[in-house]
Student: 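Pasting a structure here, questions to come.
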2 protein chains.
Amino acid sequence: MNTELSSVFQVKAKHSQNPPVEDTKGGALRADARRNRERLLVAAHAVFSERGADASLNDVAKRAEVGIGTLYRHFESREALLAATCDEHLLTLAKKSRERSEALPALEALRLFLTELVHSAGLYKGLAASLGIVLKNHTAGCDATTAEGQRLLEAAQREGEVRSDIRLDDVVCMAMAISLAAAEDASDPKRVPRLTGMFFDGLRSRTEPRGARQR
Amino acid sequence: MNTELSSVFQVKAKHSQNPPVEDTKGGALRADARRNRERLLVAAHAVFSERGADASLNDVAKRAEVGIGTLYRHFESREALLAATCDEHLLTLAKKSRERSEALPALEALRLFLTELVHSAGLYKGLAASLGIVLKNHTAGCDATTAEGQRLLEAAQREGEVRSDIRLDDVVCMAMAISLAAAEDASDPKRVPRLTGMFFDGLRSRTEPRGARQR
DNA sequence: ATTCAACCGGAGCAACCCTCCGTTTAGTAA
DNA sequence: TTACTAAACGGAGGGTTGCTCCGGTTGAAT
């Protein structure tokens, strides 16, 4: 029936059986389980790449040569699968950001972070729409990028470069919007940088930053 | 199969039969057709209100006590139905905006327009995700709000208050993002005004507006 | 070798979308 | 009134997808 929920954002509360599977955590998986999990990730990446983030999960299972039940046992929702599939990507995103941020002004580091987040949202067609939920899965990559984003945001705020009332969610929301817009109309290649710049300016404090020097 | 398309934004290219039905245009409809169309609109509003914008269209037809075929004959897609359902709302939105804009600075008028657009995107749960497509349906209301938005945007740009490279689509995209974010996490009631303010600041020129007086 | 918890697989049910086409009806002309 | 036809109706049905359930299989520990 499903009389409520429907927004792109909502997390569906389903699944009740199935022993936890440990998944993300240590190597407590049986050999066959681990093998299947890996096949699923590879297949998911392939299918999502060519059909978009809302491709049929049956297709993913088929491509992995695994039963659909196995898929759902390992990943309790499409978003969880997406998160796992993007995990590596997000992990390196966070790492790279952390590295370069040492030699960069806080504001610039944050801008680059946003830019890459936008880019990541376009990894699979249609991924942008669920980026918010995906990032909330506590995967290594998701947690890392979330933490990194939070760190950069706070740094920029501490320096007075960014409004103090902004939350990380707001930044993610911006990334989603930009990526969504880009997907809507790919005919204008300058749209992404334009929107990125525009939204980013919205973040900035309207008062002088701590270090003076404002346009 | 459907090997491509999937983004929330994409318009599905379907339907080929069915005489045009005139729908939007003058009273060329047969009496029973007009009656059914009206019932469908009422039913759609009810169903969308309680189940969200992605409720089952079968339910809509059922509630209207009409065959599903009749629904599709009158509205060739979910978005078309949504557009028709919101038509009145959008029409008065445009009209009110036009009226009050005469006594307001261009920038302020645009800000109010954006605020109301955000609000409209929340009319039905999940509507925000398709607001972009919906507005592209050439309904009286959609055309009116689009025109009004364009008018306000250009006015603000002419006065040098808003970046000249912004397009109306960008503004709509902002509205979607904000409304989406609001739906994601309703626990923070100040989020909408915060995001609106933030995004709106992004629109603004960084150079002095024509009439001097900045900030 | 035995045992059993963990794991697998896919049949199957429930929804949904959208089309197709036989039937009904509104409106009109005779 | 009647007869006629284009317009409109309705819903069965084919095609997808999501997700669950449970009988069977297997890894690995003893």
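Reckoned from all heavy atoms, side chains included, excluding hydrogens, waters and symmetry mates. Proteins get letters first, then strands, A, B, ... in listed order; numbering begins at 1 in each. Just so it is clear, the structure is predicted and the values come from calculations on it, not from any experiment.
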Student: Please name the pair of heavy atoms, one in A61(A) and one in I68(A), separated by the smallest distance, quoted to 0.1 Å.
Tutor: CB-CA, 3.9 Å
Student: Between dC17(C), dA28(D), dC8(C), which nucleotide has the shortest distance from any of its atoms to the side chain of S56(B)?
Tutor: dC17(C)
Student: CG of D32(A) versus P of dA28(D): gap in Å, rounded?
Tutor: 7 Å
Student: For the pair made of CZ in F75(A) and P in dG18(D), what is the distance, rounded to whole Å?
Tutor: 16 Å
Student: Would you say T70(B) places a side-chain N or O within less than 4.0 Å of OP1 or OP2 belonging to dG10(D)?
Tutor: yes
Student: Can you tell me how far C1' of dT16(D) sits from CG of N58(B), to the nearest Å?
Tutor: 14 Å
Student: What nucleotide among dG10(C), dG10(D), dC16(C) has an atom nearest to a side-chain atom of I68(A)?
Tutor: dG10(C)
Student: Using whole Å, report how far CD of E79(B) lies from C1' of dC18(C).
Tutor: 14 Å
Student: Looking only at side-chain atoms of N36(A), point me to the closest of dG10(D), dC17(C), dC8(C).
Tutor: dC8(C)
Student: Under a 4.0 Å threshold between the charged nitrogen and the carboxylate oxygen, would E38(B) count as salt-bridged to R35(B)?
Tutor: no
Student: dT16(D) C1' sits how many Å from K62(A) NZ, rounded?
Tutor: 10 Å
Student: Choose from dC7(C), dC17(C), dG18(D) the nucleotide whose nearest atom is closest to any side-chain atom of Y72(A).
Tutor: dG18(D)
Student: Nearest whole Å is fine: how far is dG10(C) C1' from R73(A) CZ?
Tutor: 11 Å
Student: With respect to the side chain of R30(A), which nucleotide from dA6(C), dA26(C), dG18(D) is positioned closest?
Tutor: dA6(C)
Student: I want to confirm an ordering. Mapping L57(B) and R35(B) to their closest nucleotides on DNA chain C, which one lands closer to the 5' end?
Tutor: L57(B)
Student: Ion pair present between K96(B) and E99(B), side-chain N to carboxylate O less than 4.0 angstrom?
Tutor: no
Student: Distance check, rounded to the nearest 0.5 Å: L82(A) atom CG versus E79(A) atom CD?
Tutor: 6.5 Å
Student: Rounded to the nearest angstrom, tell me the gap between atom NE2 in H74(A) and atom P in dC19(D).
Tutor: 17 Å
Student: What is the separation between atom CZ on R34(A) and atom P on dA6(C), rounded to the nearest whole Å?
Tutor: 16 Å
Student: Under 4.0 Å between a Lys/Arg side-chain N and an Asp/Glu carboxylate O for R194(B) and D188(B)?
Tutor: yes
